[in-house]
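Take a look at the structure below.
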Protein chains: 2
Amino acid sequence: MPPYETTDIPAAELEVLQALWDKSPATVRDVLNELHNLGRQLAYTTVLTFLTRLEQKGFVKSDKSGIAYVYSPKVSRDKVSRSRLEEVLESFYDGAPGPLVLQLMREGKFTKTEIGELQQLIDDLDAKNKRRKRS
Amino acid sequence: MPPYETTDIPAAELEVLQALWDKSPATVRDVLNELHNLGRQLAYTTVLTFLTRLEQKGFVKSDKSGIAYVYSPKVSRDKVSRSRLEEVLESFYDGAPGPLVLQLMREGKFTKTEIGELQQLIDDLDAKNKRRKRS
DNA sequence: AGAGTGCTACGACTGTTGTAGTAGGTTTTC
DNA sequence: GAAAACCTACTACAACAGTCGTAGCACTCT
């Protein structure tokens with residue numbers, strides 16, 4: 001197996017996986033209902049197809065516990081989001097998070113709490129920087 | 001036309017578009033060479049196909065100036081990167097940039113200059129925040 | 001003017017994605 | 001115990017993505 005699994009999941013399958021992340025463990029019908037709640041209309045069998053494909057690709061697993069199969073994610077939302085972000089970073093920002101962060105910051109859509117945390121993080125970075133310079 | 005054009009460009013076409021952003025205006029051969037330089041081996045006709053498809057989709061334009069067609073992007077790298085980022089934001093961060101920025105910051109891969117700029121931006125945000133509060 | 005070189009148009013082919021129907025088994029419900 | 005509801009397996013199929021080959025035209029060099 002490759003050392004770093006890329007998480008290349010097509011859009012429609014990802015929607016299903018997202019629903020599964022929210023409702024896991026879940027049957028096909030659970031996922032279907034969740035999707036319906038979110039305004040996404042799909043046929044039962046379509047959801048089944050996607051879950052099957054996701055399972056083949058190793059992103060979810062299933063157990064036949066009672067009457068129906070129960071699905072759970074095998075990959076975390078974090079992992080996938082991270083990998084998605086990484087792709088954007090690689091493709092457009094040359095892999096460096098700095099410019100991206102700066103761009104987002106300039107738009108300034110942050111809560112007060114977040115600003116506090118940001119400040120804190122900057123202080124830390126700053127401190128680390130100083131330490132490194134001195135050593 | 002829709003007010004907000006989504007920039008949904010498949011991976012392989014995007015690679016070509018990236019090369020075009022770097023070398024524009026460029027002929028098919030220019031793009032091909034650039035791709036080869038980047039270690040991406042594609043046939044001449046493949047690149048041609050992608051450029052044609054990109055043109056059909058309205059992402060690039062071409063002028064027959066001399067012997068060969070010369071291609072230029074019609075959509076800016078910024079626009080596309082923005083839209084890509086937005087997708088990730090929507091899918092995984094509920095549309096709020098805060099958590100994403102915080103996550104990236106925690107990994108701390110920033111240059112000293114960037115840290116300075118970040119500090120500056122935070123100060124601004126902070127000031128704005130205070131002003132708003134006072135008013 | 002013939003040989004090579006380069007360009008575009010068009011077609012083609014395989015795999016993947018998006019979406020769903022049907023068939024046939026199991027479970028629940030009157 | 002028959003009918004209704006559910007479940008999965010399998011099949012299907014159009015559109016799109018990724019990749020390129022061939023044919024034919026234009027230009028270039030000798």
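Values below: all heavy atoms of this structure, side chains included; hydrogens, waters and symmetry mates excluded. In the text below, chain A, chain B and the rest are named by the order of the sequence lines, each starting its count at 1.
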So does A:Thr45 reach the base of C:dG21 with its side chain, donor to acceptor, closer than 3.5 Å? yes
Quick one: is C:dT19 close enough that its OP1 or OP2 comes under 4.0 Å of any side-chain N or O from A:Arg40? yes
Rounded to whole Å, how long is the line connecting atom CG of B:Leu14 with atom P of D:dG18? 10 Å
Do the side-chain N or O atoms of B:Tyr44 get closer than 4.0 angstrom to the phosphate oxygens (OP1, OP2) of C:dT8? yes
Against the side chain of B:Ala68, the closest entry in C:dA20, C:dC7, D:dT19 is C:dC7
Could you state the CD-C1' distance from B:Glu13 to D:dA15, rounded to the nearest angstrom? 14 Å
Given atom CZ of A:Arg29 and atom P of C:dT28, what is their separation to the nearest angstrom? 14 Å
Could you walk me through whether A:Arg77 and A:Asp22 pass salt bridge (charged side-chain N to carboxylate O under 4.0 Å, His left out), step by step? CA-CA 10 Å; A:Arg77 188 177 223 145; A:Asp22 282 348; 3.2 Å; yes
Could you tell me how far apart B:Gln56 (CD) and C:dA9 (P) are, to the nearest whole angstrom? 11 Å
Rounded to the nearest 0.5 angstrom, the CG-CD distance for B:Leu85 and B:Glu90 is 10.5 Å
To the nearest angstrom, how far is B:Arg53 atom CZ from C:dT8 atom C1'? 16 Å
DNA chain C: B:Thr27 or A:Gln41, which has the more 5' nearest nucleotide? B:Thr27
Rounded distance (Å) that lies between atom P of D:dT8 and atom CZ of A:Phe50: 17 Å
Assign each of A:Ile67 and A:Thr49 the nucleotide of DNA chain D bearing its closest heavy atom; nearer the 5' end lies the nucleotide of A:Ile67
Closest heavy-atom pair, B:Ser62 versus B:Glu55, reported as atoms and distance to 0.1 Å, is OG-OE2, 2.8 Å
Single-linkage hydrophobic cluster B:Val16~B:Val70, side-chain heavy atoms < 4.5 angstrom: no
Determine: side-chain N/O of A:Lys64 to OP1/OP2 of C:dT26, distance under 4.0 Å, yes or no. no
Phosphate oxygens OP1/OP2 of D:dG18: is one of them under 4.0 Å from a side-chain N or O of B:Thr46? no
Just the rounded figure in Å: distance from P of D:dC20 to CG of B:Leu51. 14 Å
In this structure, CZ of A:Arg84 is separated from CG of A:Leu89 (nearest 0.5 Å) by 14.5 Å
Take the protein atom CD of A:Glu15 and the nucleotide atom P of C:dT19, then report the distance between them rounded to whole Å. 8 Å
Applying a 4.0 Å non-hydrogen cut-off, can you work out what B:Tyr69 is touching in the nucleic acid: base, sugar-phosphate, or nothing? sugar-phosphate
